[in-house]
Amino acid sequence: MEGAGGAGGEDECTLAGQRCVGQTCVDGQCTGECGPEDVRCSEDNRPQRCGERGSWEDAEPCGAATPACDAGKCVPRSCVGLAETCGPDSNESCCATGEAVSGGTFNRGNDAAYPATVSGFLLDRFEVTVGRFRKFVEAYPGSKPAAGAGAHPKIAGSGWNADWASKLPVDAAALKAAVNCESEFQTWTDAAGDHEHLPMSCLSWYVAFAFCAWDGGRLATEAEWNYAAAGGGGADGQRVYPWSKPADSTAIDADHAVYGCGPDASCAPPATCRPSGRGRREMGGGDRRTWPGTCGSGFWTGTRSRTHQATAKIAPIWPWPRIG
């Protein structure tokens, strides 16, 4: 008899499987427990792939920037089990990472009197959606950040300050109440529904910071956000607006920005506008009820601080994107 491990002799097995090391005995023959393309997550949150002998093998553990395992790969905590509903055709991952932003120098406010130099980072492609924020709410208050979390790797003391704890809602019920704002601006719904793909609105800076830190990222700095919107080191130079082509064009293009965003049809879901600002969506315009520096009608968790690895990733503040 020829078993999965070779021909005859020691490769034969009994129905009890005594001689099948790392495999399973099926009809007297050793066979694997998984197929060549199979992946999964272990009970201890670690990605696994199927090895040559048909048995599960551990891959590298998930890191700080993508701390959760989902379908065999490491993702931000807010992305576990999340449906792909972003993009113009509503079929892209709402957790997609945009093009890396290379470091460089630019003029804040297009004013040469206020130059700034920014290190490279990664910015989430889309704003943080209601669906992503719901994961944070479901884990709350266990999702509150620890002291020092969400820090910019190059700015000392920029992480979560324990003294800010009083700025956060006490529990999940209080958090839900806090994001239930005027109906004109609110995108959050207490029960999951048809708003899951909309950008999250009505957040305080502290809650946005806490989300990003919990999700493995951080909030972008004002300079990082403005730099990305101005072209982020692109070959065409600093742009007046994220969509400006040529870079000095002052033309307003409604296809790239939405204003006064709310939960009705006037609010464009993440990435329904054409990309601008180095592949990110809706880096101009937005909801007046999102904190300053957020993208579009929400926030980005920008440099998911995948800034500490090669380049940084800004947590969407992932309607804001996140750096991670």
Side-chain angles (χ1 to χ4, degrees), residues 1-100 122-126 128-129 131-132 134-135 138-139 192 196-197 214-217 270-271 275 279-281 301 304 306 308-311 313 315-316 318 321-322 324:
M1 174 183 294
E2 183 170 336
E10 294 298 316
D11 296 312
E12 293 181 2
C13 65
T14 67
L15 293 179
Q18 288 98 333
R19 296 187 181 180
C20 293
V21 180
Q23 294 183 307
T24 303
C25 185
V26 178
D27 295 331
Q29 187 172 356
C30 294
T31 186
E33 58 179 328
C34 54
E37 305 299 325
D38 291 347
V39 295
R40 72 176 186 181
C41 297
S42 66
E43 293 182 357
D44 60 351
N45 190 49
R46 186 165 183 157
Q48 293 184 320
R49 64 178 181 80
C50 193
E52 293 181 357
R53 289 180 56 83
S55 58
W56 291 107
E57 298 179 352
D58 286 337
E60 289 296 315
C62 294
T66 51
C69 184
D70 183 44
K73 61 182 180 180
C74 296
V75 299
R77 291 188 177 95
S78 68
C79 303
V80 175
L82 202 67
E84 296 185 346
T85 57
C86 284
D89 298 319
S90 300
N91 62 355
E92 296 182 49
S93 170
C94 296
C95 299
T97 299
E99 180 183 350
L122 294 176
L123 185 67
D124 280 1
R125 179 172 169 78
F126 305 127
V128 173
T129 61
R132 290 184 69 179
R134 190 175 303 281
K135 302 284 186 178
E138 291 171 350
E196 298 303 280
H197 65 303
W214 166 80
D215 207 30
R280 262 68 56 182
R281 301 277 179 158
T301 59
R304 186 162 269 212
R306 289 173 189 173
H308 63 286
Q309 304 173 339
T311 54
K313 183 180 178 183
W318 312 5
R322 177 196 67 141

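Worth saying up front: this structure is predicted, and the values here are computed from it rather than measured.
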For this session: Go through the steps for S55 and E33 under the test side chain to side chain contact (heavy atoms under 4.5 Å, CB included), then give the verdict.
Result: CA-CA 6 Å; S55 58; E33 58 179 328; 3.9 Å; yes
Problem set entry | Nearest non-hydrogen partners of C62 and N45, listed with the distance | SG-O, 4.1 Å
Exercise. Do C94 and L82 have side chains that get closer than 4.5 Å, going by heavy atoms?
Worked result: yes
Seminar exercise, completed: With sequence neighbours left out, the residues meeting side-chain contact (heavy atoms from CB on, under 4.5 Å) with S90 are none
Problem set entry | Within-4.5 Å side-chain heavy-atom neighbours: D38 and R40 | no
Exercise. Between CD of E92 and NE2 of H197, what distance do you get to the nearest 0.5 Å?
Worked result: 13.5 Å
Seminar exercise, completed: For D44, the side-chain contact (heavy atoms from CB on, under 4.5 Å) test, sequence neighbours excluded, returns S42, R46
Exercise. Hey, what do you get for CZ (R132) to SG (C79), rounding to the nearest 0.5 Å?
Worked result: 4.0 Å
Exercise. Shortest non-hydrogen contact from A68 to V80?
Worked result: CB-CG2, 3.6 Å
For this session: Not counting sequence neighbours, which residues clear side-chain contact (heavy atoms from CB on, under 4.5 Å) with C41? List them please.
Result: C69
Exercise. Pairs in or reaching into residues 57-70: which pass salt bridge (charged side-chain N to carboxylate O under 4.0 Å, His left out), with residues at least two apart or in two chains?
Worked result: R49-E57
Exercise. For the residue pair P67 and G216, what are the closest heavy atoms and their distance?
Worked result: CD-CA, 4.4 Å
For this session: Heavy atoms only: give me the nearest S93-F126 pair and the separation to one decimal.
Result: O-CE1, 3.1 Å
Exercise. Are the side chain of D215 and the backbone of S78 linked by a donor-acceptor contact shorter than 3.5 Å?
Worked result: yes
For this session: Output the distance between atom CD (E84) and atom SG (C95), rounded to the nearest 0.5 Å.
Result: 9.5 Å
Problem set entry | Set of residues satisfying side-chain contact (heavy atoms from CB on, under 4.5 Å) with respect to E138, sequence neighbours excluded | R134, K135
